[in-house]
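Remarks on the structure that follows.
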Amino acid sequence: MARKLCDIGFGGYTLVQDTDLYCYGTDAVLLSKFCNALHKDKVVDFCTGNGAIPLIVDALYSPAAITGIELQLSSYLLAEENAKLNHLENKLKFFCGDVKNVLDFIDKDSIDLVTCNPPYFEEGKTLGSSEGPMHIARHETSAKLEDFIKAASLVLKNGGRLCMVHRPSRLADIIELSRENGLEPKRLQMVVPFTGEKANILLIECVKGAGKQLEVLPEIALHTRE
């Protein structure tokens, strides 16, 4: 285990990470800012990893409660440690389990906002090693895209929101699966490395029980050229 302590850059919170596991990056920050949590919201974060998104969302918006669900025990234990490190153990709760069993942890129709930074790659489309925690974090080894969207629909209240970060290549799948589960896409934002380049990240918000009307927001460029 290669542990390091990081300042997340929000709220003075710090984060213990294990570099042998999946470490948070730009995607987590983008999703946290995009979700626009309200102070009254009950939030659930799928694929919470070491708890980075709950920490950033709390620092930015201070919602009423945040719960994280993580499949891998090693990452879940880090999330628990990070809640205690930042004296948030009474506000941030974590469960170790599969989102396909989400109702074992979260009541049906009880949540205002679900955030999700899921594995981007379908199983069989391998990126690097086909084993270990990094593979599980990046590939749909247990739950698939449709499982995350179905789980969100189960726990969200009517009018509740799913905010997800993913790859643009999965946009059609996200929209189709969201509508199949009663979630209507309402906001979409593409993220590019530099202005004029092809998008490599998307941010999407889907609302349970909403009518059809999608707002496409201006793209975000992560870098500027000198």
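Being a predicted model, the structure only gives us computed values, none of them experimental. The basis for the numbers below is simple: all heavy atoms, side chains too, and nothing from hydrogens, waters or symmetry mates.
- Remark: Arg161 does not engage Asp112 in a salt bridge, criterion side-chain N to carboxylate O under 4.0 Å.
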Next item on the list: Please step through side chain to side chain contact (heavy atoms under 4.5 Å, CB included) for the pair Thr26 and Leu222, ending with a clear verdict.
Entry: CA-CA 9 Å; Thr26 301; Leu222 293 179; 3.9 Å; yes
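- Side chain of Lys208 to main chain of Ser153: a donor-acceptor pair is present (N/O by atom type, distance under 3.5 Å, no hydrogens or angles).
- Residues Pro185 and Ile204 are in side-chain contact: their nearest non-hydrogen atoms beyond the backbone lie under 4.5 Å apart.
- Between Val165 and Pro118 the shortest heavy-atom distance is O-CD, 3.3 Å.
- For the pair Arg170 and Tyr120, the cation-pi criterion (under 6.0 Å, within 45° of the ring axis) is not fulfilled.
- Checked for salt-bridge contact, Glu184 and Arg179 meet the test: a charged N lies under 4.0 Å from a carboxylate O.
- In this structure, Asn86 contributes its side chain and Thr14 its backbone to a donor-acceptor pair below 3.5 Å.
- Between the side chain of Ser110 and the backbone N or O of Asp107, at least one donor-acceptor pair lies under 3.5 Å.
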Margin query: Does Leu85 form a side chain to side chain contact (heavy atoms under 4.5 Å, CB included) with Leu5? I'd like the steps, not just the answer.
Written below: CA-CA 11 Å; Leu85 178 66; Leu5 186 65; 3.8 Å; yes
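- Of the inter-residue distances, the one linking Leu183 atom CG with Met164 atom CE reads 9.0 Å to the nearest 0.5 angstrom.
- In this structure, the side chain of Gln72 does not engage the main chain of Ser74 through any donor-acceptor pair within 3.5 Å.
- Under the 4.5 Å side-chain heavy-atom criterion for Ile, Leu, Val, Met, Phe, Trp and Tyr, Ile66 and Leu31 are members of the same hydrophobic cluster.
- When hydrophobic clusters are built by joining Ile, Leu, Val, Met, Phe, Trp and Tyr residues whose side-chain heavy atoms come closer than 4.5 Å, directly or via intermediates, Leu30 is grouped together with Leu217.
- Ion pairing of Asp18 with Lys4 is absent here, as no side-chain N (NZ or NE/NH1/NH2) approaches a carboxylate O to less than 4.0 Å.
- Remark: the backbone N or O of Gly9 is paired with a side-chain donor or acceptor of Asp7 at under 3.5 angstrom.
- Here the closest non-hydrogen pair linking Ala79 and Gly51 is CB-N, 3.8 Å.
- To the nearest 0.5 Å, the span separating CD on Glu176 from CD on Glu146 amounts to 10.0 Å.
- Arg187 places a side-chain N or O within donor-acceptor distance of the main-chain N or O of Phe34, the cut-off being under 3.5 Å.
- The shortest side-chain heavy-atom distance between Phe105 and Cys96 does not fall under the 4.5 Å cut-off.
- Hydrophobic clustering (side-chain heavy atoms under 4.5 Å, transitive across Ile, Leu, Val, Met, Phe, Trp, Tyr) keeps Val43 apart from Val207.
- Every residue was checked against the salt bridge (charged side-chain N to carboxylate O under 4.0 Å, His left out) condition with Glu80, not counting sequence neighbours, and none meets it.
- The shortest distance between side-chain heavy atoms of Leu55 and Leu92 falls below 4.5 Å.
- In this structure, CG on Asp41 lies 5.5 Å from CG on Leu113, to the nearest 0.5 angstrom.
- Asp27 contributes atom CG, which lies 10.5 Å from atom OG of Ser32 (distance to the nearest 0.5 angstrom).
- Here Ile53 contributes atom CD1 and Phe46 contributes atom CZ; the two are 12.0 Å apart, rounded to the nearest 0.5 Å.
- Considering only heavy atoms from C-beta on, Glu215 stays 4.5 Å or farther from Lys186 through its side chain.
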Next item on the list: Test Leu71 against Cys47 for side chain to side chain contact (heavy atoms under 4.5 Å, CB included), laying out the working first.
Entry: CA-CA 7 Å; Leu71 178 66; Cys47 311; over 6 Å; no
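- Side-chain contact between Leu162 and Ile149 is present, with heavy atoms from C-beta onward closer than 4.5 Å.
- Identified under the side chain to side chain donor-acceptor pair (under 3.5 Å) test for residues 52-66, with sequence neighbours left out: Tyr13-Asp58, Asn36-Tyr61, Asp58-Lys91, Ser62-Lys91.
- A donor atom on one side chain and an acceptor atom on the other are found under 3.5 Å apart for Thr115 and Asp45.
- Proximity of a side-chain donor or acceptor of Asn82 to a complementary backbone N or O of Val16 within less than 3.5 Å is detected.
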Could you pull out all donor-acceptor pairs under 3.5 Å where a side-chain atom in residues 188-202 meets a protein atom, sequence neighbours excluded?
residue : atom : partner : partner atom : Å
Gln189  : NE2  : Pro218  : O            : 2.8
Glu197  : OE2  : Arg225  : NH2          : 2.8

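- Side chains of Pro54 and Thr48 form a contact here, defined as non-hydrogen atoms less than 4.5 Å apart.
- Looking at heavy atoms from C-beta onward, Thr67 lies out of side-chain contact with Phe94 at the 4.5 angstrom threshold.
- Interatomic distance, Lys100 NZ to Lys150 NZ, rounded to the nearest 0.5 Å: 10.5 Å.
- In this structure the side chain of His166 never reaches within 4.5 angstrom of the side chain of Phe148, judged on heavy atoms.
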